[in-house]
Amino acid sequence: MSIKPITQQTQQVQSDHVDSDQVVSDPIDKKSVGAVTALDIYRRVVLIRRFEERVGMLFRQGQLPGFVHLYIGQEAIAAGVCTALRDDDYIVSTHRGHGHVIAKGGDPDRMMAELFGKVTGYCKGKGGSMHIADFSKGVLGACGIVAGGLPIAVGAALSAKTRSTDQVAVTFFGDGAANEGSFHESLNLASTLNLGVLFVCENNQYGEFTAATDAMNIENVAERAASYGIAGVIVDGSDPLEMHLLAQQAVARARQGGGPTLIEAKTHRRDHAEGEDAFLAGQKYRSDDELAAAESSDPLNRIHKDLLSFNFASAAELETIDAAAVNKVDAAVQFARNSDDPTEAVLLEDRWVA
Amino acid sequence: MGGVIVSRNTYIASIRQALTEEMRRDESVILIGEDVRLGVFAGTRGLCDEFGPDRVIDTPISELAVAGAGIGAAATGLRTVVDLMFGTFLYLAMDQIANQAGNMRYMFGGQTSLPVVFMTQNGGGLGAGPHHSQPMHPLFMNMPLIKVVVPSNPFDAKGLLKAAIRDDNPVVFLNQLSLGATRAEVPEGELVIPLGVGEIKRQGSDVTICSAGLAVHRCMEAAEVLASDGIEAEVIDLRTLKPWDKQLVIDSVAKTGRFIAVDESYPTCGAASEWAATVAEFAFSDLKAPVRRVSNTDVPMPFNPDLERQVMPSAADVVEAARSTVGVGIGVNADGMPAVDGD
């Protein structure tokens, strides 16, 4: 299996892992995404960004219980993948999951209410930031355990196969999860049962505060696909349109019974003082160069630039979409603030199904 | 019951019958696990011939992923039976069972039900050694929203498994390893024993002996011995350990005034501890004597069959506990034997 570094052309999904050395390498034509889909992707990227910026601020102000993991910097992945999915496809999310839920069509009002712990939230205030689910949209839930979601996505894909539907299941996870046994068991199981699963590794280069380079002695998580006889591809996870095109191919393959794909999206965590970095009391774990690289690879800037250069939209139109996202987030905060806390009766709801 | 065929089933044949009937009844039921097609314990043997490889699914030895796949399938329209072979293998699947299955419905605000059964073999008695004989049930009793079932005989094994498969909640279904070849009369067709309902196996007025699984058999043997002493023991088989039939136990203690909890698990936070605490809390005024627990010795399960027998509750242990309890509060007769009421 040949996997090229991220600096080279993004690799195409291979349709036959037996001939895995024959890598198709058509140049990526990002314009082929088309204006309608590209704008849809932009809309989701910018909504995630504005939502997460607000969540970060609210958290810093001490208005949210618990803690939050922000998706800022990784928006291209959720938006690129989920725009390649149908409403009835499944996703399983992670502790850093707000972006996935928004990208799959989740309601910002109910999300924000959940972050405030309100009864109008997706989980009636009983799940919180790390456990938002929307089964009506195929969001089988965010998961607070690293690599906990992978087997569940395998099961959703197994279910689709048994029920003879062509639904696919996507599981998002970080580079840290690739060192959990669950990752290896899940890839192997999905491979042996030939299930339509997209394993989307959001490699933001850190598991908690430990560098991926200290946690694995290979350069790319995608190399591990070879061990399980499935396709493994690397993509620039900061580029929404590239991400979408690659996901589209993997989804099509999964739908046609071609089996699972491991997609490694190289990205950057930009969850600074608002997120888990707050626990570090000022200690640094990344160099200034890395931080600068993270800033310069901003997925929102990237898609903004692409949309203008492809003449898919004017700057004014994009500004309008951005302003609409800000309004949605304002309304979500308002909705959450105006909502009630769960009562004691809610505490005892949702236990056994009678 | 006219026209119902009743056969003398083994415990394992009952498991197979329940699976077969439920898979015929509901095509959303699937069975997944390692070697389920060949069926190492024979409970799943032959099912693939009837239901095909899409519903009887062999997997790699990957307990964590297989348990999780069962959960994912159950959350998306199927009813899954996950065969995890030996109870101790559930430790390998613990994140999926405890963190995911146990929390999912509640933490997502009731958005999903989760009809998944984790089926395995529990406990000792076959000389299988420490890694294949541990009692697992108290661990799962400690988790808020997981049902725990421990059938003690072939009749219950069938009726409880059928109920577990139809249940919309996660169920840990613990077959008793050493009872696989035991036989009883079991009717073919509809036999569903509701989860959470215990059974009085033997009526008695002097002491309540509460148990489940393999230990029920030791309690029944003990009751015979006690009867020859003139002590009438009431033996309860709880059948389901979570949720469990508290009322049945409390009502029995109201009648007998004495309580012995007999469980094949460890003394600290074992099932017997829970039963004893409940009786002390809710039936204290009925008690004529302190409650007693009979549990495993607090060591890993040894291989040597004699040592293994010493670890698990024996009929003699139960007899001793009952005699000591009955001796309290009603005195001892002239022969030094415990006297029953009116003696």
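All chains are named by letter (A, B, ...) in the order of the sequence lines, taking the proteins before the strands, and each is independently numbered beginning at 1. The model shown is predicted, which means the values in this text are computed figures rather than measured ones.
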Let me know if [X] has heavy atoms under 4.5 Å from chain A in its side chain, its backbone, both or neither.
{"X": "B:Ile146", "value": "backbone"}
{"X": "B:Glu27", "value": "neither"}
{"X": "B:Pro115", "value": "neither"}
{"X": "B:Asn99", "value": "side chain"}
{"X": "B:Ile61", "value": "neither"}
{"X": "B:Asp58", "value": "backbone"}

What's the spacing between [X] [atom1] and [Y] [atom2] if we round to 0.5 Å?
{"X": "B:Leu92", "Y": "A:Glu185", "atom1": "CG", "atom2": "CD", "result": "7.5 Å"}
{"X": "A:Leu189", "Y": "B:Ile32", "atom1": "CG", "atom2": "CD1", "result": "6.0 Å"}
{"X": "A:His184", "Y": "B:Ser62", "atom1": "NE2", "atom2": "OG", "result": "11.5 Å"}
{"X": "A:Glu349", "Y": "B:Tyr106", "atom1": "CD", "atom2": "OH", "result": "9.0 Å"}
{"X": "B:Gln111", "Y": "A:Leu140", "atom1": "CD", "atom2": "CG", "result": "10.0 Å"}
{"X": "B:Ile57", "Y": "A:Leu193", "atom1": "CD1", "atom2": "CG", "result": "7.0 Å"}

Comparing B:Thr59, B:Thr112, B:Asp54 against chain A, the one with the most heavy-atom pairs below 4.5 Å turns out to be B:Thr112
Return the minimal non-hydrogen interatomic distance between [X] and [Y], and the atom names on each side.
{"X": "B:Phe108", "Y": "A:Gly141", "answer": "CZ-CA, 3.5 Å"}
{"X": "B:Pro243", "Y": "A:Trp352", "answer": "CD-CZ2, 4.2 Å"}
{"X": "A:Ser182", "Y": "B:Leu64", "answer": "CB-CD2, 3.5 Å"}
{"X": "A:Val154", "Y": "B:Ala69", "answer": "CG1-CB, 4.3 Å"}
{"X": "B:Met104", "Y": "A:Ile152", "answer": "CE-CD1, 3.7 Å"}
{"X": "B:Leu145", "Y": "A:Arg351", "answer": "CD2-CB, 3.5 Å"}

Residue selection (most heavy-atom pairs with chain B, distance under 4.5 Å) from [options]:
{"options": "A:Cys143, A:Ala169, A:Ala133", "result": "A:Ala133"}
{"options": "A:Gly148, A:Ser186, A:Ala160", "result": "A:Gly148"}
{"options": "A:Asp134, A:Val346, A:Thr192", "result": "A:Asp134"}

Check: Is there a side-chain contact between B:Ile30 and A:Leu158, using heavy atoms and a 4.5 Å cut-off?
Finding: yes
Honestly, the part of A:Ala142 sitting under 4.5 Å from a heavy atom of chain B is backbone
If one checks every heavy atom of A:Leu347 against chain B at 4.5 Å, the contacting part turns out to be both
Worksheet item: Between the side chain of A:Ser159 and the main-chain N/O of B:Thr76, is any donor-acceptor distance below 3.5 Å?
Response: yes
| said: So does A:Val353 get a backbone contact from the side chain of B:Asn169, meaning a donor-acceptor N/O pair under 3.5 Å? | reply: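 It does hold such a pair.
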